[in-house]
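Please read the structure below before turning to the comments.
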Amino acid sequence: MSIIRPFKGIRPATDLAASIAALPYDVYSSKEAREIVSSNPMSFLKIDRAETLLPEGTDLYSPEVYQTARRTLDAMIEDGSFIQDTSACYYIYALTMDGRTQTGLVGCAAIDDYINNVILKHENTLAAKEEDRIRHVDACSAQTGPIFLAYRPYRPLQEIIDQEKSLPALYDFVSDDGVRHQVWRISGQKNIDNISQLFKEIPHLYIADGHHRAASAVRVGLMRRSADPGYSGNEEYNYFLSVLFPSDELCIYDYNRVITDRNGCTFDDFLGKIKDGFKVRKIGTDAYRPEHKGEFGLYCEGNWYQLTASPELQSDDPVKGLDVSILQDYIISPVFGIKDPKTDPRIRFIGGIRGLTALEAAADASDGMAFSMYPTSMDELMAVADSGKLMPPKSTWFEPKLRSGLFIHRF
């Protein structure tokens, strides 16, 4: 049973939504964030990355950064850049990219569902990344970036969402990267109550993206509980901002690999080491994108090859059977000696959204090798989470990215 509830959203004034909405804070370096805020002073990055408003060289994790985020958010609410709905609502958030639309419900998920594994995870979090967002959420008393959740399609819920989408939108704009963003508010009490009840019939939710934001929101909620021994469980800090999508509308892109140090391995050496596990077919100079699970593209020294894993390497285990695991376990680790891809500097990860030419350039620049991947599927992601296991690093790349600043949950 999943607990989802409406909230009194803080959101941009209608004419400012397009200017305020920003990609997630962790997409950018500090330098890139400064450049964006400089060119667009309304960008939500000035709250999510508040060092952009402080002198260059400021410690990114100094107390002043988080205090600046709070002051800036308060000022934007005070001057009307943000407004708050007077009653608890749900919202609908649709993103359209390359002709494909995914439509999510915006509400608040329960930290207890995260703790009790009603909300399932598929990757570990890093303490340092958690700590930054803990301090940001705590200082602002708000979650400013939504957690990207998925659920298995449920027709009664979809019917309500479709009905509400037929009404006029609150926001409808196209961002600089060509993605269309549309938002509707669900304020009718009957549909609000029905949505809350329908989610109670959904056994599990899945974190698609935003593991660190989710973990941080939960940590802050537990901190607030500790400071409030008489808490009822109904306080807003017991819930965190989420956008929930039916899994069949989501698209996972390939997350490709570049080996920048071949470990002394010539190309002929490489072929000799993998010949028992992979069938190799030369493609030529045209970039190769795998078309089926168990296939990999290899780029080396100006040419592309198709690698096909032998049946013996396949596994029914939800983690070992992933293509990213097969590549890691049978090529990257034994051939190149990269045992921990999360920390080894000899491997780079490049999202498929950047195209295969980015792989070629990275491999050529380092005299390395690049591997193009067949994307992990949502079914695979949910199977891993259902099993209580974790995916290898950089297994999924979701597009389009949810914008921050369109919805704020304050507590």
Side-chain angles (χ1 to χ4, degrees), residues 2-4 7 9 21-28 33 44-45 47-49 69 91 93 95 97 102-115 117-138 140 142-151 179 181 199 204-222 237-247 249-253 255 342 349 351 353 376 378 381-382 384-385 390-391 393-409 411:
S2 303
I3 304 300
I4 299 296
F7 67 108
L23 284 166
Y25 72 97
D26 52 358
V27 169
Y28 300 107
F44 196 73
L45 281 172
I47 292 172
D48 259 357
R49 298 292 296 269
Y91 306 85
Y93 181 18
L95 301 94
M97 174 177 153
Q102 60 187 51
T103 302
L105 182 89
V106 186
C108 288
I111 66 172
D112 286 323
D113 280 356
Y114 180 97
I115 294 166
N117 289 322
V118 172
I119 298 173
L120 297 175
K121 309 89 178 169
H122 67 266
E123 68 176 43
N124 278 323
T125 56
L126 299 174
K129 289 185 70 174
E130 272 188 47
E131 185 61 29
D132 168 51
R133 285 301 102 175
I134 288 169
R135 296 175 67 189
H136 192 279
V137 170
D138 193 38
C140 293
Q143 294 124 18
T144 59
I147 285 75
F148 186 163
L149 299 180
Y151 59 91
V179 177
H181 303 266
F199 268 105
H204 287 293
L205 304 173
Y206 301 84
I207 299 179
D209 202 7
H211 283 78
H212 288 91
R213 291 192 293 277
S216 302
V218 171
R219 287 272 301 279
V220 173
L222 293 176
Y237 59 70
N238 294 290
Y239 298 84
F240 58 87
L241 178 64
S242 303
V243 186
L244 304 103
F245 294 88
S247 59
E249 291 188 5
L250 300 179
C251 179
I252 302 178
Y253 282 69
Y255 215 152
K342 188 183 296 185
F349 302 92
I353 193 71
T376 303
M378 276 302 302
L381 182 154
M382 292 188 292
V384 171
L390 301 173
M391 286 185 167
K394 311 296 185 183
S395 295
T396 58
W397 179 287
F398 284 92
E399 287 286 349
K401 303 291 186 189
L402 308 185
R403 265 40 178 192
S404 296
L406 290 176
F407 315 96
I408 298 170
H409 172 234
F411 49 88

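The first residue in the sequence is number 1, and the count goes up from there.
- Under the 4.5 Å side-chain criterion, counting only non-hydrogen atoms from C-beta, Y151 is not in contact with I4.
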*Check the pair V106, L406 against side chain to side chain contact (heavy atoms under 4.5 Å, CB included), reporting the backbone distance first and the verdict last.*
CA-CA 10 Å; V106 186; L406 290 176; over 6 Å; no
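- Atom OG1 of T144 is separated from atom CG of L241 by 8.5 Å, given to the nearest 0.5 angstrom.
- Considering NE2 of H204 and CD1 of I119, their distance stands at 11.0 Å, rounded to 0.5 Å.
- Contact of the I207 side chain with the L149 side chain is registered, since non-hydrogen atoms from C-beta on lie closer than 4.5 Å.
- In this structure, H211 contributes its side chain and H122 its backbone to a donor-acceptor pair below 3.5 Å.
- Residues D48 and R133 are paired through a salt bridge, judged by an N-O separation under 4.0 Å between the basic side chain and the carboxylate.
- Sorted by first and then second residue, the salt bridge (charged side-chain N to carboxylate O under 4.0 Å, His left out) pairs involving residues 118-131 (not counting sequence neighbours) are E130-R219.
- Atom OG of S216 sits about 4.5 Å away from atom CD1 of I134, to the nearest 0.5 Å.
- The side-chain heavy atoms of Y206 and M378, taken from C-beta on, include no pair separated by under 4.5 Å.
- Between F7 and Y239, a ring centre-to-centre spacing not shorter than 6.0 Å is recorded.
- Between atom CG of residue L381 and atom CG of residue L250 there is a gap of 9.5 Å, rounded to the nearest 0.5 Å.
- Closest approach of L45 to Y25, counting heavy atoms only: CD2-CA, 4.2 Å.
- Looking at Y114 and I147, their side chains never come closer than 4.5 Å, going by heavy atoms from C-beta outward.
- Side-chain contact between T376 and V384 is absent, with no heavy atoms from C-beta onward closer than 4.5 Å.
- Contact check for M97 versus Q102: no side-chain heavy atoms found under the 4.5 Å cut-off.
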*For side chain to side chain contact (heavy atoms under 4.5 Å, CB included), just list the numbers for D112 and N238, CA-CA rounded to whole Å, side-chain angles, deciding distance to a tenth of an Å, and then say yes or no.*
CA-CA 8 Å; D112 286 323; N238 294 290; 5.5 Å; no
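- Distance alone, capped at 3.5 Å, is enough to place a donor-acceptor pair between the R49 side chain and the Y28 backbone.
- Here the CD1-OH distance, from I353 to Y253, works out to 4.5 Å after rounding to the nearest 0.5 Å.
- Using a 4.5 Å cut-off on side-chain heavy atoms (C-beta onward), I408 and I47 make no contact.
- The neighbour count for K401 NZ, taken as heavy atoms of other residues, nucleotides or ligands under 6.0 Å away, is above 12.
- Here C108 contributes atom SG and Y237 contributes atom OH; the two are 14.5 Å apart, rounded to the nearest 0.5 Å.
- At a threshold of 4.5 Å between non-hydrogen side-chain atoms, the residues F349 and W397 do not count as touching.
- Between F407 and Y91, the two ring planes are tilted [angle within 30° to 60°].
- Within the 3.5 Å criterion, the main-chain N or O of I3 finds a donor-acceptor partner in the side chain of D113.
- Summarising the geometry of V118 relative to S2, their closest heavy-atom pair is CG1-OG, 3.7 Å, with the distance given to 0.1 Å.
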